[in-house]
Amino acid sequence: MSKFTRLGNSLYTGEKSIDFVGRKWTWYAISAVIIIAAILGLSLKGLNMGLEFTGGTQYTVTVSGTASQKVADSVRTAVGGSGVKAASDPTVTTSGAHNLIIQIKSVSQAENTTVLKAITDTTHVSAKNVSQDHVGASWGKEVATKAIQGLVVFLVAVMLFIAMYTRQWKMSVAALVALAHDVVITVGVYALSGFEVTPATVTGFLTILGFSLYDTVVVFDKIKENTKNLRATKRSYADAANLAVNQTLVRSINTSIVALIPVAAILWVSAVQLGTSTLKDLALALFVGMAAGTYSSIFIATPLFVQLKSGEKEVLDAERRARRARQADPYANVPAFVEGMEVEDDGIPAELREGEETTAPHGFRTRPNTDAMGRGRTAPPARGPVRESGSSGRRQPTRQPRSKRGK
């Protein structure tokens with residue numbers, strides 16, 4: 001744990017740095033591969049829309065014994081083989097210790113009687129122990145419309161909030177791209193896994209958007225702090241933004257792990273042990289969305305924002321100042337020995353070892369030049385021969401008392 005603490009402190013102070021901004025095309029390529037896989041899964045398999053969106057009939061059966069997975073499989077086989085086309089692919093889940101939930105598409109009255117008989121014959125219960133709920137397709141479309149409206153209102157509110165808080169519309173664009181990145185990946189996982197999309201899934205979507213936005217705003221707030229006075233720090237905008245990501249990296253990882261552990265437990269219990277669809281649909285959206293949100297806030301939002309800012313005059317000026325500072329004194333980027341630096345057996349600190357890439361306190365990644373170590377600085381080569389100056393014949397100033405000057 002002490003090593004992890006020292007790493008976090010080194011990242012915060014800039015002694016060590018991970019180049020998130022400079023390697024933006026690597027992160028973009030990784031995200032592109034994941035998004036393409038998600039889109040292919042969505043186009044090939046499609047989403048398994050729940051009863052609330054497509055309409056249909058739901059049967060809730062109270063069995064006399066334990067509603068085990070074996071009983072659920074038997075009911076699924078019986079209903080699927082009943083000869084009713086709308087019930088050829090039923091969804092059967094357990095709910096509690098004594099209840100089964102069977103969901104099928106909309107059926108006629110005669111087909112409903114056939115399905116009900118298949119259920120009662122398999123579970124050996126009377127028809128009075130089977131409750132039925134019929135959901136019309138129009139109501140399902142209304143639910144889908146309301147969900148889309150809620151998502152649009154949320155995204156507009158997010159864009160306005162970030163724009164007013166940061167006073168930079170480019171931050172809003174980068175945050176929205178990161179949110180879209182998270183949504184596409186989560187939708188693709190739902191398509192590939194075959195999990196049912198229910199109203200609980202929509203709730204999970206809105207929750208993960210809020211989580212992703214929270215993480216992104218924290219990083220952006222640190223960027224604002226680091227870029228307040230670039231003229232004094234002589235950092236480029238990209239260096240200051242990259243330092244902000246490194247400073248919040250450990251916090252983002254810790255927050256994500258703490259949030260993902262209970263969600264993973266809910267997902268495991270609901271999907272494997274209980275089979276309760278509402279919980280597992282919500283937990284899957286939360287788990288995938290939180291993981292994608294942490295990734296996008298670090299690897300997508302900040303590099304994209306810096307890329308959008310790269311053409312502004314203020315950013316270009318800061319880049320020129322940082323370049324001039326590095327060129328004026330190349331040895332300024334060589335880290336000096338500080339207290340607590342690990343020293344190798346031969347007495348040379350690891351950060352100063354020849355040929356190893358290190359990171360100076362201001363965040364620039366450098367390769368130390370050990371040619372001048374112990375011998376002072378090496379004078380630069382002369383640009384040409386020394387010529388006789390025209391001032392050689394003039395009277396040169398001397399240090400004399402004021403009373404003797406001018407004589």
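A quick note: this is a predicted structure, and the numbers were derived from the prediction, not measured.
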Ignoring hydrogens and geometry, is there a side-chain-to-backbone donor-acceptor pair from Asp182 to Gly289 under 3.5 Å?
no
Donor-acceptor pair, Asn226 side chain versus Ala241 backbone, under 3.5 Å?
no
Rounded to the nearest 0.5 angstrom, the CE-CG distance for Met171 and Leu176 is 13.5 Å
Considering residues at least two apart in sequence or located in another chain, which fulfil the salt bridge (charged side-chain N to carboxylate O under 4.0 Å, His left out) criterion with Lys24?
none
Assess whether side-chain contact (heavy atoms from CB on, under 4.5 Å) is satisfied between Ile298 and Leu249, documenting all intermediate values.
CA-CA 8 Å; Ile298 297 173; Leu249 179 62; 3.7 Å; yes
Assign the ring pair Trp25 / Tyr28 to parallel, tilted or perpendicular, where the plane angle (0 to 90°) is split at 30° and 60°.
perpendicular
Look up atom OH in Tyr237 and atom CZ in Phe305, then write down how far apart they are to the nearest 0.5 Å.
3.5 Å
Can we say Asp317 and Arg320 salt-bridge, meaning some charged N sits less than 4.0 Å from an Asp/Glu carboxylate O?
yes
Where do Lys228 and Lys224 come nearest, in terms of heavy atoms and distance?
CG-O, 3.2 Å
For a quick test of reading the model, state the closest non-hydrogen atom pair linking Leu192 to Gly41 and the distance between them.
CD2-CA, 3.5 Å
Report yes if some heavy atom in the side chain of Thr57 is under 4.5 Å from a heavy atom in the side chain of Gln103; otherwise report no.
no
Going by side chain to side chain contact (heavy atoms under 4.5 Å, CB included), name the residues that satisfy it together with Leu47, two or more places apart in sequence or in a different chain.
Leu42, Met49, Val187, Tyr190, Ala191, Val197
Counting C-beta onward and ignoring hydrogens, is there a side-chain heavy-atom pair between Leu100 and Thr60 closer than 4.5 Å?
no
Between Leu316 and Glu319, is any pair of side-chain heavy atoms under 4.5 Å apart?
no
For Leu40 and Ser43 the tightest heavy-atom approach is O-OG, 3.0 Å
State, yes or no, whether a side-chain contact exists between Arg235 and Arg321 at a heavy-atom distance under 4.5 Å.
no
Specify the closest pair of heavy atoms between Thr227 and Ala240, including all atoms of both residues, with the distance to one decimal.
CG2-CB, 3.7 Å
From CA spacing to verdict: side-chain contact (heavy atoms from CB on, under 4.5 Å), Lys222, Val219
CA-CA 5 Å; Lys222 197 64 181 176; Val219 179; 5.7 Å; no
Minimum side-chain heavy-atom gap Val218-Ser252 below 4.5 Å
no
Please assess Thr294 against Ser256 for the test side-chain hydrogen bond (donor to acceptor under 3.5 Å, both in side chains), listing each intermediate value before the final yes or no.
CA-CA 7 Å; Thr294 302; Ser256 301; 2.5 Å; yes
Between Lys170 (side chain) and Leu308 (backbone), is there a donor-acceptor pair under 3.5 Å?
yes
Specify the closest pair of heavy atoms between Met290 and Leu260, including all atoms of both residues, with the distance to one decimal.
CB-CD2, 3.7 Å
Ile39 side, atom CD1; Ile34 side, atom CD1 - distance, nearest 0.5 Å:
12.0 Å
Minimum heavy-atom distance between Ala174 and Leu304, given as atom pair plus value:
CA-CD2, 4.0 Å
Are the side chains of Leu284 and Ser193 in touch, meaning some heavy atoms are under 4.5 Å apart?
yes
Side-chain donor or acceptor of Asp215 paired with backbone N/O of Ser297 under 3.5 Å:
no
First locate atom CZ of Phe299, then atom CZ of Phe20, and finally report the distance between them rounded to the nearest 0.5 Å.
5.0 Å
Atom pair CZ/OG1 of Arg76 and Thr122 - distance to nearest 0.5 Å:
12.0 Å
Could you tell me the separation between the CG atom of Leu243 and the OG1 atom of Thr248, rounded to the nearest 0.5 Å?
9.5 Å
Check: Asn112/Tyr59 side-chain N/O donor and acceptor closer than 3.5 Å
yes
For the residue pair Val79 and Ile119, establish whether any side-chain heavy-atom pair is separated by less than 4.5 Å.
yes
Check each of Val183, Val177, Leu179, Ile185 against His181 using the side chain to side chain contact (heavy atoms under 4.5 Å, CB included) test, and report the only one that passes.
Ile185
Side chains of Thr302 and Phe220: does their closest heavy-atom pair fall under 4.5 Å?
yes
